[in-house]
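Comments concern the structure below.
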Amino acid sequence: MSRVTGEIILEVANLRVEAGKSVLVDDVGFTLRRGEVLGLIGESGAGKSTIGLAAMGYTRGACAITGGRIVYDGRDLRAMDAAGRRRLRGTHIAYIAQSAAASFNPAHTIMDQVCEIPLRESGLSKDEIRARAIGLFRELDLPEPETFGDRYPHQVSGGQLQRAMAAMAMCARPDIVVFDEPTTALDVTTQVEVLASFRRLIREHGTSAIYITHDLAVVAQIADEIMVLRHGRMIEHGPAEQILQNPQQDYTRRLVADRAEGHLDRPDLTETPLLELRHVMASYSGLFHVTNDVSLTLNRGDTLAVVGESGSGKSTLARVIMGLLPRESGEVRFDGATLSPALRSRTRDQLRRVQMIYQSPDVALNPNQTLHEIIGRPVQLYFNRSRNEVRARVLDLLRMMDLPEAFIDRKPAALSGGQKQRVGIARALAAEPDLIICDEVTSALDQLVGEEILRLLKRLQDELGIAYLFITHDLGTVRRIANKVAVMLKGQMVAGGETSVVFAPPLHPYTELLLSSVPEMRADWLDEVLLRAQGKHG
């Protein structure tokens, strides 16, 4: 499928990155031409983000580039001083992180942060840069683009903030952009729009890109070449079409097969109500209703998926159930008892029995605590165990999460994104809850690790009768694990019931839109979606 004939803009050869005695990336090399997109695929911990950062001459924490060459536009980044490399970052080589919430300063407006680097480096006026930013907001389909930038990060949804970070990276018009799971936090319909925007910007401006993702169907829409990584080494590298249609290595074939198929058997379910929402309404500061007259029931052993666009009220509903956002009206009942709207008014046992796994582990985990402290805290709080018992329980949970026991004394910064997410899951399980609210629980994981987590959660459900409320934009996850689904649109539930019924014709128009927006593993899929959209509007 490759369309690229431009000159080489980035050359990486024999790259080696180490952290202490551990080798994170070993002997990786590639070339990137102007206008070309290279997709990096692999498990959590495979070295994808490390390679993307190394392409900017940067490493995290105690990591160091110990071998190889990184040549940008004829300049060897390893031979530059630190100040020279810093001048390139953000202007010539930009980075879009996986977690927008951890990337924005909450004390400054979005516009100030989007415009900061181009104002400092481009020589253009404030009005010119502001106009450029508004244009990007419009292209990324952000609401009220002329005034969107006047908001602070906490005043927009997670998906909107993720797109704002893309605008921040593109505002300086860099030669290369490193996309590190940029659509992970987006619902499927928004993902289509953002992918189309990314691809259009890349093609129109001749921007080169390194696109890091665990979703092969996503990378199929945008990448010219794909490199498959495992344990820091390259497994396979070639044109995107060849990797997707005719992979040569067993590991690559597993990735392709896992994305193309897969379904988890569900247990027989009981009918004892565990959670009931009756006509729930909630808002922030009373300005407008984020959830409006929502009613649903979750039985013991059920897995209910709540799906919808960014801003549809999914996460707000979870906060209401948890007591983090007091509801304005309606009722939330758990195991037959009405839950107090406010978290502080609930009993300790009610707090223990309903746990939540958050979307962004970078924000949810205390960076100053070890995994022993993070996971052990609920064990001590709810069960009053001895120090040795707490440590034994934490080690047990680490093993359940497929994390090495040696991680017990590490802090989150020493872990990959997927490993940090598994720590969040272990912390929730430590309370031995009856209900776990999973807010995009696998969104930060590559597909194989994500599948392992889903299987783990399913096994726990079989053994313990745990119920799950899954907030997700991944309809593949819904089909694999959820027996019931609620479809949210602008704060209201527009469809709900058994998954097999909700996703079968005749479909609610919005449900049909969600299903048609799920990327397929064909390079021409996005073109077909955009063509259909043009036909509907033209």
Side-chain angles (χ1 to χ4, degrees), residues 99-114 137 140-165 167 185-187 189-190 275 277-296 306-334 338-346 351 354-360 362-364 437-441 443 469-473 486-494 510:
S99 172
S103 301
F104 276 87
N105 188 326
H108 296 278
T109 66
I110 291 171
M111 180 63 79
D112 285 345
Q113 296 179 73
V114 169
F137 295 157
L140 291 166
D141 199 29
L142 287 164
E144 301 173 348
E146 287 77 13
T147 59
F148 177 83
D150 298 331
R151 304 179 192 183
Y152 288 85
H154 70 277
Q155 295 176 316
V156 304
S157 73
Q160 291 168 353
L161 196 60
Q162 196 79 1
R163 283 177 279 170
M165 186 165 56
L186 304 181
D187 58 83
T189 56
T190 304
L275 177 73
L277 272 63
R278 300 177 179 176
H279 308 292
V280 169
M281 300 180 75
S283 68
Y284 292 96
S285 305
L287 298 177
F288 61 92
H289 287 118
V290 183
T291 59
N292 191 359
D293 196 28
V294 175
S295 298
L296 55 84
V306 180
V307 301
E309 294 180 348
S310 174
S312 64
K314 306 187 302 295
S315 294
T316 297
L317 198 64
R319 294 186 185 104
V320 169
I321 295 169
M322 292 293 295
L324 298 173
L325 176 68
R327 60 188 180 271
E328 289 187 359
S329 62
E331 186 179 17
V332 177
R333 296 178 63 82
F334 183 77
T338 298
L339 291 178
S340 171
L343 184 71
R344 63 179 178 274
S345 300
R346 297 183 182 181
L351 296 177
V354 182
Q355 294 293 310
M356 187 167 179
I357 303 165
Y358 296 89
Q359 179 177 353
S360 174
D362 288 317
V363 176
I437 299 174
C438 303
D439 192 352
E440 303 282 8
V441 67
S443 65
L469 192 150
F470 261 79
I471 296 167
T472 182
H473 60 261
V487 181
M488 299 283 292
L489 175 63
K490 296 179 181 179
Q492 294 185 309
M493 193 174 79
V494 297
Y510 182 64

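Worth saying up front: this structure is predicted, and the values here are computed from it rather than measured.
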- prompt: For Val441 and Thr472, what are the C-alpha separation, side-chain angles and deciding distance, and is it a side chain to side chain contact (heavy atoms under 4.5 Å, CB included)?
  reply: CA-CA 8 Å; Val441 67; Thr472 182; over 6 Å; no
Is the shortest heavy-atom distance from the side chain of [X] to the side chain of [Y] under 4.5 Å?
X: Met356; Y: Asp439; result: yes
X: Tyr510; Y: Val487; result: yes
X: Val294; Y: Val320; result: no
X: Met111; Y: Phe137; result: yes
X: Val306; Y: Phe470; result: no
X: Gln155; Y: Tyr284; result: no

Measure the [atom1]-[atom2] distance between [X] and [Y] for me, rounded to the nearest 0.5 Å.
X: Met165; Y: Ile110; atom1: CE; atom2: CD1; value: 11.5 Å
X: Leu489; Y: Met493; atom1: CG; atom2: CE; value: 12.5 Å
X: Leu469; Y: Ile437; atom1: CG; atom2: CD1; value: 5.5 Å
X: Leu339; Y: Ser345; atom1: CG; atom2: OG; value: 11.0 Å
X: Ile471; Y: Ser315; atom1: CD1; atom2: OG; value: 5.0 Å

So does [Y] get a backbone contact from the side chain of [X], meaning a donor-acceptor N/O pair under 3.5 Å?
X: Thr291; Y: Ala282; result: yes
X: Arg346; Y: Ser340; result: yes
X: Arg327; Y: Leu317; result: no
X: Lys314; Y: Met488; result: no

message: Let's go through Glu328 and Ser283 carefully: what are the C-alpha distance in whole Å and the side-chain angles of both, what is the deciding distance for side chain to side chain contact (heavy atoms under 4.5 Å, CB included) to 0.1 Å, and is it a yes or a no?
response: CA-CA 7 Å; Glu328 289 187 359; Ser283 68; 2.2 Å; yes
[X] versus [Y], closest heavy-atom pair with distance:
X: Leu142; Y: Gln160; result: CD2-O, 3.5 Å
X: Glu331; Y: Val280; result: O-CG2, 3.7 Å
X: Pro143; Y: Phe148; result: O-CB, 3.3 Å

Less than 3.5 Å apart, which donor and acceptor atoms pair up between the side chains of residues 102-109 and the rest of the protein, not counting sequence neighbours?
{"unit_1": "Ser103", "atom_1": "OG", "unit_2": "Ser99", "atom_2": "O", "d": "2.8"}
{"unit_1": "Asn105", "atom_1": "OD1", "unit_2": "Ala107", "atom_2": "N", "d": "2.9"}
{"unit_1": "Thr109", "atom_1": "OG1", "unit_2": "Asp112", "atom_2": "N", "d": "3.2"}
{"unit_1": "Thr109", "atom_1": "OG1", "unit_2": "Asp112", "atom_2": "OD2", "d": "3.2"}

query: Checking side-chain hydrogen bond (donor to acceptor under 3.5 Å, both in side chains) for the pair Ser295/Arg278: CA distance, chi angles, key distance, verdict?
result: CA-CA 5 Å; Ser295 298; Arg278 300 177 179 176; over 6 Å; no
message: Going by side-chain hydrogen bond (donor to acceptor under 3.5 Å, both in side chains), name the residues that satisfy it together with Gln492, two or more places apart in sequence or in a different chain.
response: none
field: Non-neighbouring partners of Asp362 that pass side-chain hydrogen bond (donor to acceptor under 3.5 Å, both in side chains), sequence neighbours left out
entry: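 In terms of side-chain hydrogen bond (donor to acceptor under 3.5 Å, both in side chains), with neighbours along the sequence ignored, Asp362 is linked to Lys420.
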message: Pairing donors with acceptors under 3.5 angstrom, does anything connect the side chains of Thr338 and Arg333?
response: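 Their side chains do contain a donor-acceptor pair, which is all the 3.5 Å distance test asks for.
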query: Can you check side chain to side chain contact (heavy atoms under 4.5 Å, CB included) on Leu325 and Thr316, steps first, answer last?
result: CA-CA 8 Å; Leu325 176 68; Thr316 297; 3.6 Å; yes
